[in-house]
There are 2 protein chains.
Amino acid sequence: MTPAQSAQNMLDAMARGNVLAPDCPSRAVLQHLTSRWGVLVMAVLATGTYRFAALRRKIGGVSERMLAQTLQQLEGDGFVHRKDYGEVPPRVEYSLTPLGETAAQHLVGLVGWIEGALGEILSAHQPARDLSASPDQTAPASA
Amino acid sequence: MTPAQSAQNMLDAMARGNVLAPDCPSRAVLQHLTSRWGVLVMAVLATGTYRFAALRRKIGGVSERMLAQTLQQLEGDGFVHRKDYGEVPPRVEYSLTPLGETAAQHLVGLVGWIEGALGEILSAHQPARDLSASPDQTAPASA
DNA sequence: TTACGAAACGTAAGTACCTACATAAATGTT
DNA sequence: AACATTTATGTAGGTACTTACGTTTCGTAA
């Protein structure tokens with residue numbers, strides 16, 4: 001790749017992200033927002049401000065570690081605001097930034113649609129042509 | 001868990017999914033749609049019908065294996081239609097089902113917003129308080 | 001007759017994710 | 001003087017995701 005092409009890539013990336021390009025920063029942002037816990041954190045924070053433990057209780061199945069990590073990613077991207085009261089024992093409140101609220105709208109829309117269309121989706125559900133190494137996704141439904 | 005509770009869970013799940021519940025099937029659907037390649041596959045298929053290789057060229061960085069796997073998941077959930085012409089060499093076309101088109105709308109909306117807001121997002125970008133095991137997500141931007 | 005094409009499948013190896021558990025810190029309580 | 005509280009961090013280890021590479025099929029081109 002020539003320097004000119006590289007520069008053009010930079011410009012393209014800055015002007016308007018292109019998630020189809022492997023090196024575009026938008027890929028990372030997309031990953032943060034659509035990560036396993038990222039979606040759920042955003043969806044919950046869209047309903048208000050929460051403390052760490054409250055957030056964790058709200059989202060079934062997150063470990064402390066993953067929640068902390070996810071929150072840091074979202075904070076790093078400017079979607080989540082973290083307010084530390086500097087007290088001991090620690091008190092920290094999480095909420096969405098204006099940017100985060102806009103992003104959350106899309107995620108809430110998606111999640112809400114899935115929840116509503118779940119019946120239809122499960123009806124159309126097929127065993128999926130076998131690929132041998134079929135990764136069972138999430139938990140194998142302990143229920 | 002008692003049989004009654006199990007039945008109640010089934011009813012809850014069928015009536016309306018709840019992604020905040022760890023065992024709800026909607027979690028799996030959400031994961032498929034928001035998986036690393038799932039989002040991109042849906043976004044591309046929202047623009048038309050593609051053959052396997054064309055889809056792969058369109059989405060930068062997917063391996064054959066991952067694309068095939070992702071397509072099978074989405075087909076299993078009823079979002080993607082697979083048309084096999086049974087020829088040799090193989091010819092297979094992928095497109096969205098009506099259900100898939102609805103889902104894709106939300107994903108395209110999200111992706112489009114990210115691409116457009118990327119400048120603003122990168123501006124607000126902070127190094128993210130260190131958590132030592134900071135997973136660099138995707139590639140560290142080789143460009 | 002040999003090489004090529006297109007869409008997977010199989011296996012092995014690498015990497016990243018995720019969980020579980022132990023640790024820290026200042027104050028108020030027992 | 002011990003102890004519980006709350007939000008993390010560090011480490012170790014398992015699990016799942018990804019990639020790389022080889023294999024299959026069989027008409028068509030060389």
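Side-chain atoms are counted along with the backbone in the values below, which use heavy atoms only and exclude waters and symmetry mates. Proteins get letters first, then strands, A, B, ... in listed order; numbering begins at 1 in each. What you are looking at is a predicted structure, and each value in this text was computed from that prediction instead of being measured.
The phosphate of C:dA8 (OP1 or OP2) has no side-chain N or O of B:Arg91 nearer than 4.0 angstrom. OP1 and OP2 of D:dA8 both lie 4.0 Å or more from every side-chain N or O belonging to A:Gln72. In this structure, A:Tyr94 reaches the D:dA8 phosphate: one of its side-chain N or O atoms is under 4.0 Å from OP1 or OP2.
Straight-line distance from the CD atom of A:Glu87 to the C1' atom of D:dA4: 17 Å, rounded to whole Å. The OH atom of A:Tyr50 sits 19 Å away from the C1' atom of D:dT6 (whole-angstrom rounding). In this structure, A:Leu67 atom CG and C:dA20 atom P are separated by 14 Å, rounded to whole Å. In this structure, B:Arg51 atom CZ and C:dA8 atom C1' are separated by 13 Å, rounded to whole Å. Atom P of nucleotide C:dA6 and atom CD of B:Glu93 are separated by 14 Å, given to the nearest angstrom. If you measure from atom CZ of B:Arg56 to atom C1' of C:dG5, you get 15 Å, rounded to the nearest angstrom. Atom CG in A:Asp84 sits about 14 Å away from atom P in C:dA26, given to the nearest Å. Whole-Å rounding puts the B:Arg82 CZ to C:dA7 P distance at 10 Å.
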Extract from the structure each pairing of a protein N or O with an N or O of nucleotides 22-30 of chain D at less than 3.5 Å, listing the distance.
none

Short N/O separations, protein against nucleotides 18-20 of chain D, under 3.5 angstrom:
{"unit_1": "D:dT19", "atom_1": "OP2", "unit_2": "B:Ser63", "atom_2": "OG", "d": "3.0"}

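For A:Thr47, the side-chain hydrogen bond (donor to acceptor under 3.5 Å, both in side chains) partners at least two apart in sequence or on another chain are A:Tyr50. Residues satisfying the side-chain contact (heavy atoms from CB on, under 4.5 Å) criterion with B:Thr102, sequence neighbours excluded, are A:Trp113. Checked against side-chain contact (heavy atoms from CB on, under 4.5 Å), B:Arg91 has the following partners two or more places apart in sequence or in another chain: B:Arg51, B:Tyr85, B:Glu87, B:Glu93. Listed by chain and residue number, B:Trp37, B:Ile59, B:Met66, B:Leu67 satisfy the side-chain contact (heavy atoms from CB on, under 4.5 Å) test with B:Val62 (two or more places apart in sequence, or in another chain).
At least one donor-acceptor pair under 3.5 Å links the side chain of A:Thr97 to the backbone N or O of A:Phe79. Side-chain atoms of A:Ser26 never come within 3.5 Å of backbone atoms of B:Glu115 as a donor-acceptor pair (strictly under, hydrogens ignored).
Looking at A:Pro25 and B:Leu122, their side chains come closer than 4.5 Å, going by heavy atoms from C-beta outward. For the pair B:Val92 and B:Lys83, the minimum side-chain heavy-atom distance is 4.5 Å or more.
A chain of hydrophobic side-chain contacts below 4.5 Å, direct or via other Ile, Leu, Val, Met, Phe, Trp or Tyr residues, connects B:Val29 to B:Leu20.
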